[in-house]
Protein chains: 2
Amino acid sequence: MIGYRNSILRLSHYRRCLRQFQELGYTRVFSENLGQAAGVSAVQVRKDFSSFGLVGRRKGGYIISELLDKINQILKKDKIEKVILVGAGNLGSALLKYRGFEKESIKIVAAFDADPAKTGKRGDIPVYPMEKIFSFVRENGIRVAILTVPESVAQDVGERLVSAGIRGILNFSPVTLRLPERIIISHINLAVELEHLVYYVHAGTTKAL
Amino acid sequence: MIGYRNSILRLSHYRRCLRQFQELGYTRVFSENLGQAAGVSAVQVRKDFSSFGLVGRRKGGYIISELLDKINQILKKDKIEKVILVGAGNLGSALLKYRGFEKESIKIVAAFDADPAKTGKRGDIPVYPMEKIFSFVRENGIRVAILTVPESVAQDVGERLVSAGIRGILNFSPVTLRLPERIIISHINLAVELEHLVYYVHAGTTKAL
DNA sequence: TAGATTGTTAATCGATTAACAATC
DNA sequence: TAGATTGTTAATCGATTAACAATC
């Protein structure tokens, strides 16, 4: 019943693809179709599904609406998750405007910045001074934060978030956060991602093609 | 001599940490130190190094400047890689302003957007209409593109990039690009990353802690 | 029935970790 | 020498793929 780490990530992708199929008017899919759409093999799809107890019909494939219901259950999509964003600079501001989170039932409810000039409102999201993090997180039961502060203060701010009660951090700063084991950290290092890509493009070029 | 996939990624992280150590005035590190800074085990560090032919001294650890030189060689950091960005919306504009790429010897030399209102200049980076992609990529020998266009046009634009000669794409759109095998694609789906984090925070809460 | 598709078990592949030998 | 550290080999762990049995 419990899938392993990567399969949870794939579940999110399947979910997105399934909704696209649904919009196109389909009611059923085969593992083959879904795999193609999500960029994985058909076997992978079936393996993932079976590990989460998602079943199809031997010849009729999977019923999209059923799948979506169960995936939503697994991913706990029944209610909207409220998250905060810390650091309303370039990247932070862009994320505040990003529409893609809504579909995943995630809402950025507030942002925080050390620079008083940046506080106020961005669209419908309030930007508060850093001092308010603690009370806001406590009062609203926030568990997840997006961290888009400069490298130099990332560790500090991370510790503050933890002391306020944050359990998960999506870290866009280039530093490796050193926080208690129980804190779940996802690290997106844009420069490293790009560097990695450049490396493989070079490697491909070097090899005889 | 050839490391495996993940070790290349870690090499980028080691590189960043090593430079920090260097700024602090250190000239040598032990695998233990570096592991802590990069968030991996000391054994992992030594394993990675040995697979790339990076050697230390049995008791004296590794010489930082030597390591950096060799890592730069491996990651082909001798010259600046010129990349383009397609889609100068919220996220695209933020990336155009992002300073983090410079350190990795990567430079965004031009951006492209379908909306004539968005063409012109952003800081020192020119934003051209989409039609210019083909000639620009050809004339400047660009191999890597950052894709920050809306979901609906991502596949189309991806195909265009490929026909212009692009070899690697850093894809921020939520769709799985279907492009020739030889094209190297890195997929960063911000919503999925956040969703994944939320899932694990929930899972941690559900479990008895 | 034959063919297509799911679902599971076994085999393989790849990455990490453990154990330890080498040596400064 | 003893202790600390590297570097390598072996063991383990986890994820993917292959093979195939079940069945609609």
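Note that the coordinates shown come from a computational prediction; the quantities given were computed from them, not determined experimentally. Every chain is numbered from 1 and lettered A, B, ... according to where its sequence line falls, protein lines coming before strand lines.
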A:R16 side-chain N/O to B:P174 backbone N/O, donor-acceptor pair under 3.5 Å: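 Between the backbone of B:P174 and the side chain of A:R16 there is a qualifying donor-acceptor contact (under 3.5 Å).
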
Take atom [atom1] of [X] and atom [atom2] of [N], then tell me their distance rounded to the nearest Å.
X     : N     : atom1 : atom2 : result
B:F30 : D:dG3 : CZ    : P     : 17 Å
A:R28 : C:dT6 : CZ    : P     : 10 Å
A:I63 : C:dT5 : CD1   : P     : 16 Å
A:N33 : C:dA4 : CG    : P     : 15 Å

May I ask you to check whether B:Y98 and B:F101 place their ring centres under 6.0 Å from each other?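 Yes.
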
Flag for A:R178-A:Q155: side-chain donor and acceptor within less than 3.5 Å: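 No, no side-chain donor-acceptor pair sits under 3.5 Å.
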
Just by distance, no angles: are the side chains of B:S12 and A:E195 close enough, under 3.5 Å, to form a donor-acceptor pair?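 Result is yes, a qualifying pair exists.
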
For a quick check of understanding: with a heavy-atom distance under 4.0 Å over all strands, which category does B:F49 fall into, base, sugar-phosphate or nothing?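 Nothing, no heavy atom under 4.0 Å.
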
B/S/- contact track for nucleotides 12-24 of chain C, protein heavy atom under 4.0 Å: ---SBB----BBB

Can you give me every donor-acceptor pair (side chain of residues 23-33 of chain A, partner residue at least two apart or in another chain, under 3.5 Å) with its distance?
| unit_1 | atom_1 | unit_2 | atom_2 | d |
| --- | --- | --- | --- | --- |
| A:R28 | NH1 | A:G60 | O | 3.4 |
| A:S31 | OG | A:R46 | NH1 | 3.0 |
| A:N33 | OD1 | A:F30 | N | 3.0 |

Tell me, please, whether [Y] has [X] positioned over its six-membered ring: NZ or CZ under 6.0 Å from the ring centre and within 45 degrees of its axis?
X      : Y      : value
B:K76  : A:Y199 : yes
A:K132 : A:Y128 : yes
B:R5   : A:Y200 : yes

Just need the stems in DNA chain C: three or more back-to-back Watson-Crick or G-U pairs, each with both distances under 3.5 angstrom, sorted by first number.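 Runs of three or more consecutive pairs: C:3-24 with D:3-24.
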
